[in-house]
Structure formats: structure tokens, C-alpha cells
Protein chains: 2
Amino acid sequence: MTTQPRTEKGQQTQAKLLATALECFAKDGYKASSMRVIAAKAGVSLSHAYYYFKSKEDIVAQLLLNLRREQYEQCSGMLNEGNTLEANIRAVLDSGVEALARYHDFGPAFLRLMLSRDMGNDEISRIELELWEEVVAGSRPLPPMGIRRDLPKFLLLVSRQIFSAWAFDQSPQQRRSRLLMKNMAPVAAKFAVLCRLPVVRSLFEDVLALMDPGPAELAAAAKSTPAQLRRPKAS
Amino acid sequence: MTTQPRTEKGQQTQAKLLATALECFAKDGYKASSMRVIAAKAGVSLSHAYYYFKSKEDIVAQLLLNLRREQYEQCSGMLNEGNTLEANIRAVLDSGVEALARYHDFGPAFLRLMLSRDMGNDEISRIELELWEEVVAGSRPLPPMGIRRDLPKFLLLVSRQIFSAWAFDQSPQQRRSRLLMKNMAPVAAKFAVLCRLPVVRSLFEDVLALMDPGPAELAAAAKSTPAQLRRPKAS
DNA sequence: TTCCTTTTTTGAACGCGTTCAAATAATTGC
DNA sequence: GCAATTATTTGAACGCGTTCAAAAAAGGAA
């Protein structure tokens with residue numbers, strides 16, 4: 001959403017455009033829902049769609065955001081009933097794939113959105129992280145004290161990995177990545193328990209440190225320009 | 001490469017087309033190197049380019065394959081000199097990012113190629129796996145016996161994760177993902193050593209089993225159609 | 001050579017995402 | 001009221017990846 005409508009009619013038009021787009025997406029899939037089709041079905045000109053949405057990807061971002069919100073509402077309640085960590089992880093993974101299943105051919109577009117850091121994906125990331133926080137906080141028994149704080153971030157990481165497998169999964173019904181999800185939950189739970197042991201625990205911390213390095217380290221890396229660019233190959 | 005040229009002139013034309021494409025890619029980047037430009041610079045018509053390459057992505061696949069081959073030749077020799085596992089991992093990761101650095105704006109296209117299973121990326125995967133096998137086989141001391149066989153596959157997995165971070169890394173010089181690479185090597189090496197402990201070892205095996213499930217398990221998953229498709233939401 | 005089949009090459013078109021200058025409508029200040 | 005400013009809407013165009021029918025060239029059998 002690039003341009004905020006400043007009049008009431010504008011709001012309506014934008015809303016209608018978005019609603020139409022989501023409808024088309026659900027019915028005809030990603031490729032078939034061209035900007036021309038969406039604009040036509042919404043009763044506005046093609047170029048007008050670009051007045052409110054700066055790109056097609058921008059609309060897709062809204063779709064993904066909607067789906068995540070749906071998912072959040074759907075399974076937020078189920079995470080506080082004293083289930084095991086494994087069950088909670090499973091619930092979130094399942095609801096995630098369930099919400100997105102109809103849009104599997106959006107996979108690559110979704111992935112691009114989530115992995116690139118430039119669009120309105122902050123909100124999406126926030127929702128996802130919040131979910132994983134509820135997964136951890138609502139599980140009984142609670143995971144080891146030392147990792148309780150960072151476990152959600154770790155689970156977010158893991159779930160992204162799974163999501164990326166799902167996005168490109170060509171097996172019928174995405175069977176492969178669904179199986180991956182099913183097996184991932186117990187492994188992650190087991191890992192959390194094992195984090196009581198210092199050896200495993202330090203691995204956990206290492207991995208997390210990899211994913212977002214402290215600002216000090218980043219700054220240090222900024223200074224040392226390795227500068228050993230390759231000699232131009234003879235070709 | 002969709003159509004194999006059947007005459008000698010055809011071979012030449014295809015080769016010229018490919019060479020021109022790689023040249024354009026190196027000089028002008030992904031977006032600027034349109035099929036029209038490539039065809040024009042190669043001295044053939046636009047549609048003729050599609051006679052030999054079924055898509056632009058097809059040419060990009062060739063580029064990636066070339067880069068991987070280059071990387072393989074460059075660092076294959078360095079892996080047999082009795083360095084530590086960590087040093088070997090670092091060498092491969094470094095040479096990888098070095099080979100691809102010029103083509104960073106191909107990142108998303110590359111990623112798509114490597115993650116989707118439908119094109120000629122078998123060859124690319126094969127080369128990568130071979131490299132990781134040399135990393136393991138050439139390191140001193142050798143990693144624990146029990147994981148020696150599967151460690152290469154695990155390292156391939158890890159490297160893909162890093163690659164995906166690199167592909168979307170918007171920081172100047174891809175500083176963030178380069179730092180990630182630098183820190184990943186010691187963690188992976190440490191992990192390999194810790195695999196002597198049964199706890200850690202079983203984690204290793206769990207993760208690997210996740211990534212390619214045995215055929216039995218896949219077949220089982222195929223039968224049980226969960227079939228709890230969502231009730232159509234009220235919109 | 002001539003005819004026929006196969007391979008190579010082309011021009012024209014399609015629909016796509018996106019941009020832009022210009023037209024229309026709404027709002028505001030006087 | 002009217003003019004000036006701002007918000008909305010449009011049509012036409014651009015370059016892109018891709019497709020297709022058909023022309024041109026090459027090769028082989030008679």
C-alpha cells in the first residue's frame with residue numbers, strides 16, 4: 001500500500017481493489033490474476049490500481065499478511081491449554097500450512113517477500129514471532145530457563161526453513177514438506193529439552209548468534225574490507 | 001538447453017549465444033540483460049534464442065553451472081592438504097561467495113533454480129555435494145566415524161541456508177551474510193566434534209532424516225490423506 | 001537435377017508488469 | 001461565486017519473456 005487514500009471514496013476504491021484481488025487470487029491463482037484482470041473486475045483502470053498499490057507484489061504482501069492474521073487468530077487460543085511444546089509447535093506448523101495451502105502457487109512470491117527485508121514484511125514477521133512466543137510460553141512443562149527467551153526466535157528460524165521447502169515443493173499435495181513439518185516438531189522439542197546439557201546449549205547459542213550478530217561484530221566486519229577480489233578470469 | 005543442435009553451424013550458434021549471454025550478464029546484470037539484447041549482440045533474432053534455450057532461466061542455469069564448475073576447480077586442490085575441517089569448510093564457503101559475488105543481483109534467480117527440482121540443477125547439486133565430500137574426506141583429524149558418511153549432505157544443507165541468506169542480503173557488499181559464513185565454519189566444525197556424544201549425534205541423525213525421509217515413510221504419508229481441508233471461510 | 005524431409009531462422013504478435021503525462025473530480029481559500 | 005490547489009482516474013505507451021506459423025537453408029534419396 002503505497003498511497004494512503006485521503007478521501008473517503010479513495011478508501012472505498014482501495015478496499016474494493018484489494019478485496020477483488022484477493023478474490024481473484026483465491027479463484028484463479030497467481031499467474032492468471034493479472035493486474036489487468038484485477039483492475040477490470042474492480043471496475044477501475046489498470047493504471048489506477050498502481051495509484052494505490054505500487055506493485056503486484058505489494059498486493060501479494062497484503063494477502064500474506066491477511067493469511068497470517070487469520071492463522072494467528074485461529075490458533076492463538078489453542079496454545080494456552082498446557083499442551084507439550086511438541087504439540088504446540090505442531091499446531092502452529094499445521095495451521096500455517098493449512099492457511100497457505102490454497103495459495104501454494106504463490107510460494108516463490110511469498111518466499112521472496114519474507115526473505116527480502118525491504119517491504120512491509122515487518123508486520124508479518126512480528127505476527128509470526130508472536131505466535132512462536134505463545135508456543136513457548138504456553139507449553140507445559142516449560143522449556144529450560146536458559147533458552148526460554150530465545151527459543152521463539154529459533155523456532156521462527158526453523159519454520160522459515162520449512163516454509164522455504166514448502167514453497168518449492170512439487171510433490172502432490174506438498175506431501176514431502178508436510179511430512180517434514182510433522183517430523184520437525186518432535187525433533188525441535190527434543191532439542192529444546194537437550195538444551196539443558198551445556199554442550200547442546202552452547203550449540204543453540206552459537207546458531208542464534210549466527211543469525212543476528214551483535215552490533216559490535218557487524219561493525220567490525222564493516223571495517224575489515226577483505227578486498228581480495230578475484231583476478232579477472234581469462235575466460 | 002532444450003534443443004540439441006544437430007548440425008555444426010547449430011552448435012556454433014548455440015555456443016555463441018551462450019557466450020554472449022554470460023558476457024552480458026557479467027557486464028550489465030540480470031535485469032538489463034534482456035533476451036532481446038542478448039540475441040541482438042549474438043547476431044541472431046530474438047525468437048531464435050528460444051530455439052536453443054527454452055527460457056531465460058535456462059541460460060541462468062548454465063551460468064550458475066559454470067560458476068560452480070569454476071569454484072570446484074579452484075578449491076578442489078586445496079582440500080587435500082590436511083587442514084582442519086573448519087578450515088576446509090571456510091575455504092569452500094569463501095570460494096563460493098567469491099565466485100558468485102559479481103552476480104549478486106542474480107541471487108533470487110539462482111535461489112529459485114537451486115530450490116526447485118525441475119530443471120537441470122541435478123548437475124549443480126552433484127558438484128556441490130562432491131565439494132562437501134572432499135571437504136570431509138580431506139580434513140585432519142577426520143570427523144567421527146559415525147557421521148563421516150552423512151556429514152557432506154549435512155554441510156550441503158547448511159550451505160544452502162547460507163546461500164539463501166546471501167541471495168537476499170541487501171547490506172553493502174553482502175556484509176551480513178559474509179559474516180554469517182565466517183562464523184558458520186567454526187560452529188559446524190564444533191558440531192561435528194560434538195557428534196561423538198550420543199545426544200548430539202542423535203540430533204544430527206534426526207535432522208538428516210528430516211531432509212530426506214526414507215521411501216517407506218514417504219509412501220506412508222502418501223496413503224494417509226489428512227483430508228481435513230478447511231471449511232471455506234466466511235470471507 | 002528434382003523432390004521431400006528435417007533443421008535453422010525469422011517477423012509478428014500476445015499478455016504481462018510498470019510508468020507517465022494529462023484529464024477529471026473534489027477540496028480548499030478568498 | 002471563482003480560482004488554485006490537491007486528490008483521483010485514465011489512456012497510451014514501453015520493454016519484457018514467451019509463442020507460433022511460416023520462410024529459408026541444408027541434406028538426402030530418386
Side-chain angles (χ1 to χ4, degrees), chain A residues 1-22 24-25 28-63 105-106 108-110 112-113 116 118-119, chain B residues 1-22 24-25 28-63 105-106 108-110 112-113 116 118-119:
Chain A
M1 278 180 191
T2 251
T3 298
Q4 221 66 3
R6 265 167 274 269
T7 172
E8 186 162 352
K9 187 151 146 222
Q11 296 244 4
Q12 273 177 276
T13 308
Q14 184 185 41
K16 165 122 199 180
L17 214 32
L18 184 56
T20 309
L22 297 198
C24 288
F25 283 162
D28 305 322
Y30 184 63
K31 266 194 74 176
S33 302
S34 70
M35 292 295 278
R36 281 167 172 83
V37 168
I38 293 172
K41 284 200 180 170
V44 303
S45 75
L46 167 63
S47 47
H48 193 40
Y50 282 92
Y51 183 67
Y52 289 121
F53 300 92
K54 75 168 189 291
S55 64
K56 188 181 183 182
E57 198 178 29
D58 200 3
I59 306 187
V60 173
Q62 283 293 323
L63 168 61
D105 68 319
F106 285 67
F110 282 162
R112 198 190 188 103
L113 269 171
S116 78
D118 45 17
M119 294 209 53
Chain B
M1 278 180 189
T2 251
T3 298
Q4 221 65 6
R6 261 166 277 267
T7 171
E8 186 161 354
K9 189 151 149 222
Q11 296 245 5
Q12 273 177 278
T13 309
Q14 185 186 41
K16 167 122 197 180
L17 213 32
L18 185 56
T20 310
L22 297 197
C24 287
F25 284 162
D28 305 321
Y30 183 63
K31 265 192 72 174
S33 301
S34 71
M35 291 297 277
R36 281 167 172 82
V37 167
I38 293 172
K41 285 199 180 169
V44 303
S45 76
L46 167 63
S47 47
H48 193 42
Y50 281 92
Y51 183 68
Y52 288 121
F53 301 93
K54 77 167 190 292
S55 65
K56 187 180 183 184
E57 199 178 27
D58 200 5
I59 306 187
V60 173
Q62 282 293 325
L63 169 61
D105 68 319
F106 285 66
F110 282 162
R112 196 187 190 105
L113 269 171
S116 78
D118 45 18
M119 295 211 50

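Note that the structure is a prediction, hence the values are computed from the model and not measured. Basis for what follows: all heavy atoms, side chains included, without hydrogens, waters or symmetry-related copies.
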Practice task
Using side chain to side chain contact (heavy atoms under 4.5 Å, CB included) as the criterion, list what pairs up with A:T13, not counting sequence neighbours.
Solution key: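 Expected list: A:K9, A:V44, A:H48, A:Y52.
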
Handout entry: Partner set under side chain to side chain contact (heavy atoms under 4.5 Å, CB included) for A:T20, not counting sequence neighbours
Key =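 Checked A:T20 against side chain to side chain contact (heavy atoms under 4.5 Å, CB included); matches are A:K16, A:C24, A:K41, A:A42.
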
Problem - Separation of A:L17 CG from A:Y51 OH (nearest 0.5 Å) - result: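 Reported to 0.5 Å precision, the distance equals 13.0 Å.
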
Exercise for the section: Report the distance from atom OG of B:S45 to atom CZ of B:R36, rounding to the nearest 0.5 Å. Expected result: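 Atom-to-atom, B:S45:OG and B:R36:CZ are 11.0 Å apart.
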
Problem - B:F25: partners by ring pair (Phe, Tyr, Trp, His ring centres under 6.0 Å), with sequence neighbours left out - result: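 Ring pair (Phe, Tyr, Trp, His ring centres under 6.0 Å) check on B:F25 returns B:F106.
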
Practice task
Rounded to the nearest angstrom, tell me the gap between atom CD in A:Q12 and atom C1' in D:dA7.
Solution key: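 Going from CD in A:Q12 over to C1' in D:dA7 covers 15 Å.
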
Handout entry: Euclidean distance, atom CD of residue B:Q14 to atom P of C:dT7 [Å, nearest integer]
Key =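 Checked: the CD to P distance equals 15 Å.
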
Produce the list of close N/O pairs, under 3.5 Å, pairing protein atoms with atoms of nucleotides 9-19 of chain D; give distances to one decimal.
from, atom 1, to, atom 2, distance (Å)
D:dT9, OP2, A:H48, NE2, 2.4
D:dT9, O5', A:H48, NE2, 3.1
D:dT10, OP2, A:S45, N, 2.8
D:dT10, OP2, A:S45, OG, 3.4
D:dG11, N7, A:S47, OG, 3.3
D:dG11, O6, A:S47, OG, 2.5
D:dC16, OP1, B:S34, OG, 3.4
D:dG17, OP1, B:K56, NZ, 2.8
D:dG17, OP2, B:M35, N, 2.9
D:dG17, N7, B:R36, NH1, 2.6
D:dG17, O6, B:R36, NH2, 2.8
D:dT18, OP2, B:Y50, OH, 3.0
D:dT18, OP2, B:K56, N, 2.8

